[in-house]
Undergrad: 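My questions all concern the structure below.
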Number of protein chains: 2
Amino acid sequence: MTVEQTPRKRPTGRRGGDSGTRDDILDAARDLFAERGYDGASIRAIAMTAGVDPALIRHFFGDKDNLFATTVADRTAIPQRIAESLAGDLDTIGRRVTDAYLRMWEEDDTRPVLLSLVRSAVTSDRAAEMLLEILGSRARSTEMNADFTDERMRRIALAAAHLFGIAVARHVIKIPPIAELSHDTLVDDVSPAIQRYLTGT
Amino acid sequence: MTVEQTPRKRPTGRRGGDSGTRDDILDAARDLFAERGYDGASIRAIAMTAGVDPALIRHFFGDKDNLFATTVADRTAIPQRIAESLAGDLDTIGRRVTDAYLRMWEEDDTRPVLLSLVRSAVTSDRAAEMLLEILGSRARSTEMNADFTDERMRRIALAAAHLFGIAVARHVIKIPPIAELSHDTLVDDVSPAIQRYLTGT
DNA sequence: CGGGGAAATCCTCGCTCGTGGAGTAAAATA
DNA sequence: TATTTTACTCCACGAGCGAGGATTTCCCCG
């Protein structure tokens with residue numbers, strides 16, 4: 001018979017058409033970083049879910065650090081969504097911010113990125129810096145129309161920490177009572193506290 | 001010459017006296033799990049900081065999972081400290097709980113354990129379960145003198161999520177404005193919100 | 001004083017990881 | 001059409017990991 005055993009490996013060399021391979025990799029990276037964090041998501045695993053050789057990731061992105069940065073930066077504009085919610089009546093700013101922030105955790109586009117950041121920031125200093133940078137740019141974007149007293153800074157930080165805690169409890173640790181609430185009732189419950197931090201006595 | 005080269009390795013076999021080696025290992029494990037989380041802290045690194053051969057850890061604790069469990073369980077009684085703070089006047093319960101909770105994050109005995117739990121719970125499901133179990137036992141310990149309506153459950157969960165967010169912002173991510181506040185002013189700022197969640201309208 | 005068990009070491013196995021080099025095929029450019 | 005650039009693969013290295021077997025030394029109890 002001597003049938004030539006097909007080596008069943010994928011052919012080497014460039015593919016035809018516009019293979020959205022780079023995007024496939026970014027999608028896989030986004031999902032795996034979200035699931036397992038920076039350290040937990042291996043380049044090899046990302047390559048496998050993208051259906052691609054690990055070396056191709058190196059070809060496109062250089063090293064893992066850069067892949068992570070690209071994944072996070074390329075896919076979302078988180079700060080500006082918060083900034084938008086700041087505009088408007090001061091009496092209802094708590095509700096607007098709470099809704100805008102928690103909504104980002106509900107949407108399929110943004111949730112993986114936020115999960116990636118949180119899962120990674122908690123274990124790796126590298127990612128913690130990136131998260132602080134994002135938060136910093138948010139602060140800076142509001143800096144224009146508000147003077148930044150220490151008092152005001154502290155109020156914002158407390159509100160942010162509160163929202164952060166709610167989001168982690170709901171989407172990362174999945175503490176039962178909070179994970180099961182609807183988005184709207186959660187906003188109803190939380191926004192008074194946020195309003196109080198931002199504008200209360 | 002033929003001087004017998006001293007192999008300068010540590011001698012094998014049992015040590016004299018009551019070498020508190022087991023405790024040394026637990027201390028090293030506590031610190032490293034706190035710094036790097038479950039996955040990041042390797043048995044080898046723990047052994048090295050304890051000044052001990054990695055195999056000894058296996059000898060004492062079997063596997064890594066068990067070492068982690070022992071580290072967390074053996075070293076703290078977290079739930080009961082919260083439970084104690086619940087006793088007393090209902091009008092000031094927010095402040096008492098806030099103070100008791102945040103104080104645990106400040107003390108050298110308890111902080112590493114909490115850090116370990118958080119750092120690990122965020123990336124590993126195994127640790128997330130343990131954390132839920134601890135939170136659960138806290139809930140159960142209050143169950144005795146309070147009926148558990150959904151409403152009450154939700155209030156507690158929201159307050160817990162808030163405190164959790166503050167603690168993570170302060171001790172894990174170290175967001176500047178919050179990390180730099182003193183314990184007392186932080187309690188001053190946060191406890192009204194906690195009081196409101198627990199007993200407010 | 002002798003033997004069993006506990007405390008401690010060493011070395012090895014099989015695995016996964018990130019990175020990097022070398023080669024191939026297709027597309028883009030000249 | 002010839003050449004260069006780009007997309008893509010295979011293979012290998014060196015390191016670190018958790019687990020476990022083999023061995024040595026000491027303490028304690030009979």
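A, B, ... follow the sequence lines: proteins, then strands. Residue 1 opens every chain. Keep in mind that what you see is a predicted model, and the values were worked out from it rather than measured.
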Undergrad: Which pairs count as salt bridge (Lys or Arg N to Asp or Glu O under 4.0 Å) when at least one residue sits in residues 44-70 of chain A, sequence neighbours excluded?
TA: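 Matches after skipping sequence neighbours: A:D65-A:R126.
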Undergrad: Starting at atom CE of A:M48, determine the distance to atom P of C:dG18, rounded to an integer number of angstrom.
TA: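 From A:M48 CE to C:dG18 P: 12 Å.
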Undergrad: Would you please name every residue forming a salt bridge (charged side-chain N to carboxylate O under 4.0 Å, His left out) with B:E106, sequence neighbours left out?
TA: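 Salt bridge (charged side-chain N to carboxylate O under 4.0 Å, His left out) list for B:E106, sorted by chain: B:R170.
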Undergrad: Could you check how far CD1 of B:I25 sits from P of C:dA7, rounded to whole Å?
TA: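 Those two atoms, CD1 and P, are 10 Å apart.
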Undergrad: Pick the closest DNA chain C nucleotide for A:Y38 and for A:A55 by heavy atoms, then say which residue is nearer the 5' end.
TA: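 Mapping each residue to its closest nucleotide by heavy atoms, the 5'-most match is A:Y38.
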Undergrad: Could you work out, with salt bridge (charged side-chain N to carboxylate O under 4.0 Å, His left out) as the rule, every residue matching A:D39, not counting sequence neighbours?
TA: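 Testing A:D39 for salt bridge (charged side-chain N to carboxylate O under 4.0 Å, His left out), a comparison that skips the adjacent residues, returns none.
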Undergrad: What are the residues of residues 58-67 of chain A, sorted by number, that bring a heavy atom to within less than 4.0 Å of DNA chain C?
TA: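 Contacting residues: A:R58, A:D63, A:K64.
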Undergrad: Would you kindly give the CG-to-C1' distance between A:L32 and C:dC17, to the nearest whole Å?
TA: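 Distance check: A:L32 CG to C:dC17 C1' gives 15 Å.
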Undergrad: In this structure, how many angstroms lie between the P atom of D:dC17 and the CD1 atom of B:I57, rounded?
TA: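 Those two atoms, CD1 and P, are 12 Å apart.
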Undergrad: What is the distance from atom CZ of A:R96 to atom CG of A:L198, rounded to the nearest 0.5 Å?
TA: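 Between atom CZ of A:R96 and atom CG of A:L198 there are 10.5 Å.
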Undergrad: Sorted by first residue and then second, give each side chain to side chain donor-acceptor pair (under 3.5 Å) pair with at least one member in residues 175-188 of chain B; sequence neighbours left out.
TA: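 Passing the test, one end in residues 175-188 of chain B: B:R95-B:D188, B:D99-B:H183, B:S182-B:T185.
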Undergrad: Just the rounded figure in Å: distance from P of C:dT12 to CG of B:D53.
TA: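 Those two atoms, CG and P, are 14 Å apart.
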Undergrad: Give the ring-plane orientation class for B:F33 versus B:Y38, where under 30° counts as parallel, over 60° as perpendicular and anything between as tilted.
TA: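 Answer is parallel, since the angle falls under 30°.
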Undergrad: Can a salt bridge be assigned to the pair A:E107 and A:R103 using a cut-off of 4.0 Å between side-chain N and carboxylate O?
TA: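 Here A:E107 does not pair with A:R103 in a salt bridge, since their nearest N and O are not under 4.0 Å apart.
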Undergrad: How about A:Y101 and A:F164: do any of their side-chain heavy atoms sit closer than 4.5 Å?
TA: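 Result yes, sub-4.5 Å side-chain heavy-atom pair found.
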Undergrad: Indicate, with a heavy-atom threshold strictly under 4.0 Å, whether B:I43 touches base, sugar-phosphate, or nothing.
TA: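 The answer is sugar-phosphate, as B:I43 gets under 4.0 Å only of primed atoms, P, OP1 or OP2.
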Undergrad: Would you indicate, yes or no, if C:dA7 has its OP1 or OP2 atom less than 4.0 angstrom from a side-chain nitrogen or oxygen of B:T21?
TA: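 For C:dA7, neither OP1 nor OP2 has a side-chain N or O of B:T21 closer than 4.0 Å.
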Undergrad: Nearest whole angstrom, please: distance from the P of C:dG18 to the CZ of A:F68.
TA: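 The distance from CZ of A:F68 to P of C:dG18 comes to 14 Å, rounded to the nearest Å.
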Undergrad: Examine A:H162 together with B:Y197 and report whether their ring centres are nearer than 6.0 Å.
TA: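 Yes: the rings meet the under 6.0 Å criterion.
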Undergrad: Can you tell me the distance, in whole Å, between the CG atom of A:D39 and the P atom of D:dG16?
TA: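 Value for this atom pair: 15 Å.
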Undergrad: Atom CZ of B:R36 to atom P of D:dG16: distance rounded to whole Å?
TA: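 From B:R36 CZ to D:dG16 P: 12 Å.
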Undergrad: Distances under 3.5 Å between protein N/O atoms and the N/O atoms of nucleotides 14-16 of chain C, please, pair by pair.
TA:
none

